[in-house]
> 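Could you have a look at this structure, given as structure tokens, before my questions?
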Amino acid sequence: MTKPTRARVRQSFDQAAGRYDSAADVQRQICDALSQELARRAPAGWAPQRWLDAGCGTGYALPLLHAMYPQASPLALDLAPAMLDQAGARWARVAADIEHLPLPDACIDLYWSSLTVQWCELPRVLAEARRVLRPGGRLALATLGEATFHELRSAFASVDRHPHTIAFHGAGEVARMATAAGLQGSEVRQRVEIRHFKDLRALLRSVKTVGANQLGSGRRTGLLSRDAFARAEAAYESLRTPAGLPLTYDVIELHAQV
């Protein structure tokens with residue numbers, strides 16, 4: 001299965017921008033963890049002069065990065081203009097595609113991206129990151145791995161053969177792509193975050209609220225019948241825990257440098 005088109009991704013996140021923050025608790029937690037790991041790994045005294053938030057969304061990471069590096073010039077970039085509107089006019093902002101950055105070579109010291117690149121062709125993204133980073137620059141990136149939403153895939157496999165999630169790269173693939181892009185010292189961290197929901201409808205509504213419901217080729221183009229949805233519900237119910245229906249986020253962090 002291919003990724004959704006860039007136009008479909010832009011449309012989905014433009015539509016989700018106004019309500020994104022109401023359902024983005026796991027996204028916030030992943031962002032916080034990435035910033036803490038970046039601070040731990042950065043050499044003592046390292047002071048970037050310019051940083052890029054590639055796929056900034058509604059801008060949650062922007063004040064985090066500014067607090068860490070107050071002397072640096074920030075740049076917030078997102079594919080969806082409505083997301084940039086939510087981020088606010090305090091920041092230098094540009095609506096653009098991280099697969100094709102509208103930036104000159106070797107112009108930034110820190111490339112940051114949290115939960116964006118899973119929607120992209122990762123080799124292109126990493127090649128662009130390497131191109132715009134200055135010598136001595138660093139990359140801190142969080143994405144999602146193969147076990148992400150495995151419960152959804154399992155439940156809907158009993159209904160049809162259409163994909164019901166996008167395809168995710170494994171941690172080893174991410175590391176190899178970073179090396180192939182020319183990034184040095186690539187290190188990958190992986191962990192699991194699980195959220196729980198009262199029922200399948202609430203779970204799907206949460207996924208849709210943050211715009212994470214787009215699929216590529218092979219997706220179902222019509223609505224599920226009531227009977228088919230009931231079968232998927234029954235399959236997901238078999239996974240219920242005391243906390244509710246689980247939804248897994250297989251979190252991959254990539255840290256590298258130039």
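Values in this document were obtained by computation on a predicted structure and should not be read as measured data. Keep in mind that the numbers below use all heavy atoms, side chains included, and drop hydrogens, waters and symmetry copies.
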> Apart from I194 itself, what residues make up its hydrophobic cluster, given side-chain heavy atom links below 4.5 Å?
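Besides I194, the cluster holds V192.
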> Under a single-linkage definition using a 4.5 Å side-chain heavy-atom cutoff for Ile, Leu, Val, Met, Phe, Trp and Tyr, are F13 and V26 assigned to the same hydrophobic cluster?
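Yes, same cluster.
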> What closest approach, in Å, do V94 and P102 show between heavy atoms, and which atom pair accounts for it?
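Of all heavy-atom pairs spanning V94 and P102, the closest is CG2-CG, 4.4 Å.
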> When you measure from the side chain of R131 to the backbone of L103, do you find a donor-acceptor pair of N or O atoms at a distance under 3.5 Å?
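Confirmed, R131 side chain pairs with L103 backbone.
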> Is it the case that Y60 and D32 place a side-chain donor and acceptor less than 3.5 Å from each other?
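Side chains of Y60 and D32: pair found under 3.5 Å.
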> Under the 3.5 angstrom rule, does the side chain of E253 hit a backbone N or O of R189 as a donor-acceptor pair?
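Between the backbone of R189 and the side chain of E253 there is no qualifying donor-acceptor contact (under 3.5 Å).
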> Do F156 and L245 belong together in a cluster built from hydrophobic side chains that touch within less than 4.5 Å?
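Linked within one cluster.
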> Quick one: are R10 and P81 in side-chain contact, heavy atoms under 4.5 Å?
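The answer is yes, as the side chains (C-beta and beyond) meet within the 4.5 Å cut-off.
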> With distance as the sole test, does D250 use its side chain to make a donor-acceptor pair with the main-chain N or O of A147 at under 3.5 Å?
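Such a contact is found between D250 side chain and A147 backbone.
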> Should L247 and Y236 count as side-chain neighbours, where that means a heavy-atom distance under 4.5 Å?
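The answer is yes; the side chains approach within 4.5 Å.
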> Heavy atoms, side chains only, cut-off 4.5 Å: are I98 and Y111 in contact?
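Answer yes - side chains close enough.
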> Pairing donors with acceptors under 3.5 angstrom, does anything connect the side chains of T248 and E151?
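Side chains of T248 and E151: pair found under 3.5 Å.
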> Would L62 and L84 show up in the same hydrophobic cluster when neighbours are defined by side-chain heavy atoms closer than 4.5 Å?
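As far as the 4.5 Å side-chain criterion goes, L84 and L62 are not connected within one cluster.
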> Measure across P246 and L203 and return the closest heavy-atom pair with its distance rounded to 0.1 Å.
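Residues P246 and L203, closest heavy atoms: O-CD1, 4.1 Å.
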> Under 3.5 Å, side chain of T209 to main-chain N/O of R205, donor-acceptor pair present?
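Checked: pair present.
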> I would like to know whether L65 and W112 meet side-chain contact (heavy atoms from CB on, under 4.5 Å); could you show each step before the answer?
CA-CA 9 Å; L65 292 170; W112 163 283; 3.7 Å; yes
> Under 4.5 Å between side-chain heavy atoms, hopping through other hydrophobics if needed: is there a path connecting F149 to I252?
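Shared cluster, no.
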> Take L38 and L110 through the side-chain contact (heavy atoms from CB on, under 4.5 Å) test and state the conclusion after the steps.
CA-CA 10 Å; L38 170 62; L110 170 62; 3.9 Å; yes
> In Å, rounded to the nearest 0.5 Å, how long is the span from CH2 of W119 to CZ of R8?
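W119 atom CH2 to R8 atom CZ measures 10.5 Å (nearest 0.5 Å).
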> So does T116 get a backbone contact from the side chain of Q118, meaning a donor-acceptor N/O pair under 3.5 Å?
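Looks like yes, one N/O pair under 3.5 Å.
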> Counting N and O atoms only, with roles assigned by atom type, does the side chain of Q71 sit under 3.5 Å from a partner on the main chain of P48, one being a donor and the other an acceptor?
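It does hold such a pair.
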> Might you point out which heavy atoms bring P63 and G59 nearest each other, and give the distance in Å?
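Nearest pair, atom of P63 first, then G59: CD-O, 3.3 Å.
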> Could you tell me whether the side chain of L254 reaches within less than 4.5 Å of the side chain of T143, counting heavy atoms only?
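The answer is no; the side chains never approach within 4.5 Å.
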> Report, one line per pair, each donor and acceptor closer than 3.5 Å where one atom sits in a side chain of residues 176-187; sequence neighbours left out.
residue : atom : partner : partner atom : Å
T179    : OG1  : A175    : O            : 3.2
E187    : OE1  : R41     : NH1          : 3.0
E187    : OE1  : R41     : NH2          : 3.4

> Return the CD to CG distance between E233 and L200, rounded to the nearest 0.5 Å.
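Spacing of CD (E233) from CG (L200) equals 5.5 Å.
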> Give every donor-acceptor pair under 3.5 Å between a side-chain atom in residues 51-58 and any protein atom, sequence neighbours left out.
residue : atom : partner : partner atom : Å
T58     : OG1  : D21     : OD1          : 2.8
T58     : OG1  : R28     : NH2          : 3.1

> Using a 4.5 Å cut-off on heavy atoms from C-beta on, say whether the side chain of R201 contacts that of F229.
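Answer yes - side chains close enough.
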> Checking R134 side chain against C107 main chain: does a donor-acceptor pair fall under 3.5 Å?
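Checked: pair present.
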> Hey, could you give me the CZ/OG distance between R40 and S35, rounded to the nearest 0.5 Å?
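Answer for the CZ-OG pair, R40 versus S35, is 13.0 Å.
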> I30 versus S114: any side-chain heavy-atom pair under 4.5 Å?
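Contact flag for I30/S114 side chains = yes.
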> Between H169 and V174, what is the shortest heavy-atom contact and its length?
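Looks like CB-CG2, 4.0 Å.
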> Among all residues two or more places apart in sequence or in another chain, which pass the ring pair (Phe, Tyr, Trp, His ring centres under 6.0 Å) test with Y69?
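For Y69, the residues satisfying ring pair (Phe, Tyr, Trp, His ring centres under 6.0 Å) (neighbours in sequence not counted) are W46.
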> CG/L133 to CD/E128 distance, rounded to the nearest 0.5 angstrom?
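Output value for this atom pair is 11.0 Å.
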> Does the T148 side chain pair with the main chain of G145, one donor and one acceptor, at a distance under 3.5 Å?
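Yes, the answer is positive, given that a donor and an acceptor are paired below the 3.5 Å cut-off.
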> Which heavy-atom pair separates A82 from D14 by the least distance, and what is that distance?
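Nearest heavy atoms, A82 then D14: N-OD1, 2.8 Å.
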> Can you name the residues that form a ring pair (Phe, Tyr, Trp, His ring centres under 6.0 Å) with H66, not counting sequence neighbours?
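By the ring pair (Phe, Tyr, Trp, His ring centres under 6.0 Å) rule, H66 matches W91.
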> Return the minimal non-hydrogen interatomic distance between A47 and Q49, and the atom names on each side.
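Smallest interatomic distance, heavy atoms only, reads O-NE2, 3.2 Å.
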> Is there a side-chain contact between R93 and D85, using heavy atoms and a 4.5 Å cut-off?
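The answer is yes; the side chains approach within 4.5 Å.
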> With a 4.5 Å heavy-atom cut-off, do Q86 and Y20 have their side chains touching?
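Not in contact.
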> Set out, in order, the CA-CA distance, both residues' side-chain angles and the distance that settles side-chain contact (heavy atoms from CB on, under 4.5 Å) for K208 and S12, then state yes or no.
CA-CA 9 Å; K208 184 176 182 180; S12 181; over 6 Å; no
> Between R240 and K198 (side chain of the first, backbone of the second, donor and acceptor by atom type, cut-off under 3.5 Å), is there such a pair?
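Side chain of R240 to backbone of K198, a donor-acceptor pair under 3.5 Å: yes, one is there.
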> Verify, without hydrogens or angle tests, whether D109 (side chain) and R50 (backbone) share a donor-acceptor contact under 3.5 angstrom.
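Yes: the side chain of D109 pairs with the backbone of R50.
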> Can I166 be reached from V207 by stepping across I, L, V, M, F, W or Y side chains whose heavy atoms are under 4.5 Å apart?
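Yes, it is one cluster - the side chains of V207 and I166 are joined through contacts under 4.5 Å.
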> For R195, check side-chain hydrogen bond (donor to acceptor under 3.5 Å, both in side chains) against everything at least two apart and list the hits.
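Counting only residues at least two positions away or on another chain, R195 forms a side-chain hydrogen bond (donor to acceptor under 3.5 Å, both in side chains) with D25, Q29.
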> Against R130, only a single residue in V258, V125, D105 fulfils side-chain contact (heavy atoms from CB on, under 4.5 Å); can you say which?
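One option only clears the test, and that one is V258.
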